[in-house]
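Heads up, the thing below is written out as structure tokens.
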4 protein chains.
Amino acid sequence: MEPPTPHKRTGRPRSAEADRAILGATREALVELGWGKLTLSDVAARAGVAKTTLYRRWNGKNELVVDAIAALFEEQLDLPDLGSLHADIRGVVLRFAELLNRPAIRTGLMAVVAEATHDDALRLRIREAIVDRQKHLVLLGRHRAQQRGELPPDPPAPCDPALATRDADLIFDVIAGTVVHRVMISAAPVDDEWADRLALLLILGLTGVRS
Amino acid sequence: MEPPTPHKRTGRPRSAEADRAILGATREALVELGWGKLTLSDVAARAGVAKTTLYRRWNGKNELVVDAIAALFEEQLDLPDLGSLHADIRGVVLRFAELLNRPAIRTGLMAVVAEATHDDALRLRIREAIVDRQKHLVLLGRHRAQQRGELPPDPPAPCDPALATRDADLIFDVIAGTVVHRVMISAAPVDDEWADRLALLLILGLTGVRS
Amino acid sequence: MEPPTPHKRTGRPRSAEADRAILGATREALVELGWGKLTLSDVAARAGVAKTTLYRRWNGKNELVVDAIAALFEEQLDLPDLGSLHADIRGVVLRFAELLNRPAIRTGLMAVVAEATHDDALRLRIREAIVDRQKHLVLLGRHRAQQRGELPPDPPAPCDPALATRDADLIFDVIAGTVVHRVMISAAPVDDEWADRLALLLILGLTGVRS
Amino acid sequence: MEPPTPHKRTGRPRSAEADRAILGATREALVELGWGKLTLSDVAARAGVAKTTLYRRWNGKNELVVDAIAALFEEQLDLPDLGSLHADIRGVVLRFAELLNRPAIRTGLMAVVAEATHDDALRLRIREAIVDRQKHLVLLGRHRAQQRGELPPDPPAPCDPALATRDADLIFDVIAGTVVHRVMISAAPVDDEWADRLALLLILGLTGVRS
DNA sequence: CCATAAGCGAGACGGTACGTCACGTCTTGTA
DNA sequence: TACAAGACGTGACGTACCGTCTCGCTTATGG
């Protein structure tokens with residue numbers, strides 16, 4: 001994202017240690033205090049770093065927190081083939097819910113999303129750094145299901161290529177949105193039973209015919 | 001809503017006018033400034049009210065904004081009978097998306113949800129004041145569909161009554177969560193076409209049989 | 001001072017009980033909190049009275065406190081004849097110091113004096129209600145001393161009558177001022193020994209010749 | 001005055017300029033508004049300084065005003081040798097009265113003294129910052145008078161050293177207390193004639209023998 | 001004997017200042 | 001040049017009292 005530091009070679013180099021400590025301290029503080037109470041002075045103190053060091057690297061709370069949260073999503077969500085479309089959906093639902101239940105992610109993610117409602121650049125950054133990375137899971141799952149014969153193959157060629165991802169987008173919104181709503185708003189557990197029901201609803205929705 | 005009112009009938013009563021003015025000013029300020037820049041002093045000034053009056057009624061920004069937004073949802077609850085389950089779902093999806101696209105609601109709602117990730121009392125307040133009030137729409141829609149014969153009647157009696165609302169909860173999470181995700185995260189439009197596809201997926205998911 | 005209530009005879013009469021309770025509560029609060037922390041709401045609460053009742057009778061903190069303090073000085077200081085000028089001075093010094101060591105008087109008196117530095121009407125009121133009432137003690141003491149032969153008789157007549165009290169004023173300033181300074185500023189005890197020394201200094205100052 | 005200074009030498013040092021500006025603004029505001037209307041916000045604005053800077057250095061109105069007034073006394077301590085004990089006393093009395101007639105000092109000093117009646121720390125601060133600094137004038141005057149032969153030399157050695165200052169304390173209480181009482185309470189002028197009479201009384205009191 | 005008129009308790013109201021907090025910038029000295 | 005420390009100007013915070021204003025009730029007289 002950043003041209004790798006267009007940085008003069010003169011003077012004392014920036015401490016790489018500091019970056020790590022700051023991002024870690026930010027996540028820690030975010031979990032304990034939440035976005036609203038999070039203080040850059042406090043982050044600096046936790047990181048054993050001066051406030052100036054912090055402002056030298058980031059322009060403010062927003063940028064710092066987005067970077068701190070993005071790092072949590074670095075680990076790719078690669079789900080194993082569980083043998084059936086139902087099991088694959090169930091798996092991704094449970095995996096995602098588990099992520100959302102980690103306090104750092106829960107708080108940090110919602111905070112930046114909230115901030116993004118009036119900051120388009122931030123929203124773009126979130127989608128690129130966090131959301132879009134998960135979307136391939138939907139495509140992977142569909143591909144596997146088509147190979148297994150659980151879903152019909154894609155329609156031939158003529159279609160709009162944008163239309164090809166149209167369904168994937170809807171499904172992604174449904175899965176991600178539903179899980180987020182369940183966890184964040186309804187504050188209800190995402191257990192095996194619930195994941196089963198959601199998976200069933202989705203598969204029927206995609207493949208069913210009117211009874 | 002507050003039936004006990006353990007409030008003596010003594011002293012000068014609180015001005016109902018003030019409540020209206022404050023909530024209105026809050027929404028207005030929320031649109032113009034966004035959550036982060038919203039100031040209780042500013043709200044008070046807009047409402048022509050003293051800051052103290054504001055603190056006498058709410059405990060802070062969070063609660064005030066929740067109530068201000070809740071009032072917006074309250075106005076817009078009822079959906080007319082559109083003649084079919086598909087049309088009803090489509091209608092509620094479009095209606096909900098339209099609400100979420102109002103800047104005041106978009107910003108304010110996400111901000112309080114974000115705060116609620118580490119404040120259970122606030123989450124409860126949000127659910128009571130906003131979310132749960134929408135849930136009856138799901139029940140209403142199901143009832144209508146059953147009357148029309150589009151959905152089977154509820155299973156007899158013996159079932160767990162909690163189980164009776166279990167499905168409604170799932171459907172609510174799916175509709176609300178998907179629309180929110182579409183609008184807030186994917187930042188894609190909720191138009192007639194998309195609403196059609198979501199409604200179709202839901203109806204098939206609820207009534208379909210494996211093809 | 002007040003034309004005895006130019007008050008219509010209609011309506012419910014004011015509670016005399018309330019007046020007493022308020023003045024008492026004021027003194028009590030003054031001792032505990034001091035002028036700066038004393039609040040009219042608090043006084044009202046202590047007196048078991050509504051704030052409005054209080055404002056109906058006084059125009060503000062100043063007037064209330066002055067009245068409350070003035071009441072403390074109602075009791076005339078009448079010192080017995082102790083047999084010698086030295087003993088009389090000693091007696092008045094000790095008596096005055098004892099008054100100043102009562103917390104209510106110490107705090108209240110200084111508070112109104114401080115307020116009076118920029119309120120001439122208040123200063124006048126203080127002098128009339130409090131200070132001038134003590135001044136007769138000086139005249140009394142001088143008269144007794146002259147009778148005993150400890151002091152020469154007043155010069156005949158011709159002198160300016162204002163000049164007659166001139167010395168008394170100085171002596172009063174010396175006694176009162178010195179004791180106040182000792183107690184309030186130096187925060188040192190006024191004991192028999194100190195009172196002796198002050199009395200000696202005064203008597204020498206008034207009667208001595210250069211050694 | 002603050003010899004230990006347990007203050008690290010690190011960080012940006014406090015602006016000495018600010019101190020001067022604040023104390024000056026305090027005195028200015030004190031004259032214009034009086035103690036009661038004096039606002040720390042206002043002082044900060046006059047000094048061109050942030051409110052926080054002010055609170056970083058003082059704990060409140062009281063301490064600030066004490067220091068502001070103390071600075072006024074500091075400027076004006078030294079009294080020239082006027083050639084005789086009588087003239088020296090007269091000089092110090094007139095000088096002190098002149099100070100007390102400046103509105104800033106008159107109002108501010110009495111206000112903090114009043115507060116000090118229920119705040120021992122404040123009383124101590126007043127004594128250290130203001131009162132004790134004047135006391136050396138008494139010692140200086142006595143020393144000069146002894147050199148001139150107007151007063152007998154100090155008694156040899158054996159006496160209690162505390163006793164050495166005992167007389168000085170009494171004299172100081174008499175001079176300061178009497179002048180304060182004359183100015184503040186009696187509200188009468190301190191002119192040459194009055195100062196003469198007070199000086200005479202004191203000298204006789206110290207040196208006279210019974211006539 | 002009840003109507004008029006004030007007093008009274010409670011407490012909400014518009015203000016003003018408070019003292020605190022975090023922000024993001026700056027100025028030191030040291031590495 | 002980076003860095004730790006910490007003072008700085010700014011501006012919102014939430015609180016506390018001010019003095020005023022409704023309320024509904026009580027207590028006196030006077031028509």
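Each chain gets a letter, A, B and so on, in the order its sequence line appears, and its residues count up from 1.
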What is the distance, rounded to the nearest whole Å, between atom [atom1] of [X] and atom [atom2] of [N]?
| X | N | atom1 | atom2 | result |
| --- | --- | --- | --- | --- |
| D:Ile22 | F:dC8 | CD1 | C1' | 11 Å |
| D:Trp58 | E:dG19 | CH2 | P | 14 Å |
| B:Arg46 | E:dG14 | CZ | P | 17 Å |
| B:Glu17 | F:dT22 | CD | P | 15 Å |
| C:Leu64 | F:dC18 | CG | C1' | 14 Å |

Next item on the list: Examine distances only and state if a side-chain atom of A:Ser15 and a backbone atom of A:Glu17 form a donor-acceptor pair shorter than 3.5 Å.
Entry: yes
Notebook entry, point to check: Any side-chain N or O of A:Arg57 under 4.0 Å from OP1/OP2 of F:dC3?
Noted result: yes
Side chain proximity check, [X] to [Y], heavy atoms < 4.5 angstrom:
| X | Y | answer |
| --- | --- | --- |
| C:Leu40 | C:Trp58 | no |
| B:Trp35 | B:Met110 | no |
| B:Leu38 | B:Thr107 | no |

Check: Nearest of E:dG14, F:dC3, F:dG9 to any side-chain atom of A:Arg14?
Finding: F:dC3
Next item on the list: Using heavy atoms and a sub-4.0 Å distance, could you list which residues of residues 105-126 of chain D are near DNA chain E? By number, please.
Entry: none
Checklist line | Salt-bridge present (B:Asp119, B:Arg123; N to O < 4.0 Å) | finding: no
Item checked: Passing candidate, side chain to side chain contact (heavy atoms under 4.5 Å, CB included) with D:Arg125, options D:Asp120, D:Ile130, D:Val66 -> D:Val66
Next item on the list: Would you mind telling me which residue lines up with the more 5' stretch of DNA chain F, D:Gly48 or A:Ala16, judged by nearest nucleotide?
Entry: A:Ala16
Notebook entry, point to check: A:Ala18 or D:Ala18: which one's nearest nucleotide on DNA chain F is closer to the 5' end?
Noted result: A:Ala18
Next item on the list: Carefully, step by step, assess B:Asp19 and B:Arg14 under the rule salt bridge (charged side-chain N to carboxylate O under 4.0 Å, His left out).
Entry: CA-CA 9 Å; B:Asp19 269 76; B:Arg14 290 193 175 167; over 6 Å; no
Check: What's the verdict on side-chain contact (heavy atoms from CB on, under 4.5 Å) for B:Leu64 and B:Leu23, showing C-alpha distance, side-chain angles and the deciding distance?
Finding: CA-CA 8 Å; B:Leu64 172 58; B:Leu23 291 175; 4.0 Å; yes
Next item on the list: Could you pull out the closest heavy-atom pair between B:Arg46 and B:Asp42, with the gap in Å?
Entry: NE-OD2, 2.7 Å
Next item on the list: If a protein heavy atom is under 4.0 Å from the base, mark B; if only from the sugar-phosphate, S; if neither, -; do that for nucleotides 21-28 of chain E going 5' to 3'.
Entry: BBSBBBBB
Margin query: Regarding C:Gly36, tell me which of base, sugar-phosphate or nothing describes its non-hydrogen contacts under 4.0 Å with the strands shown.
Written below: nothing
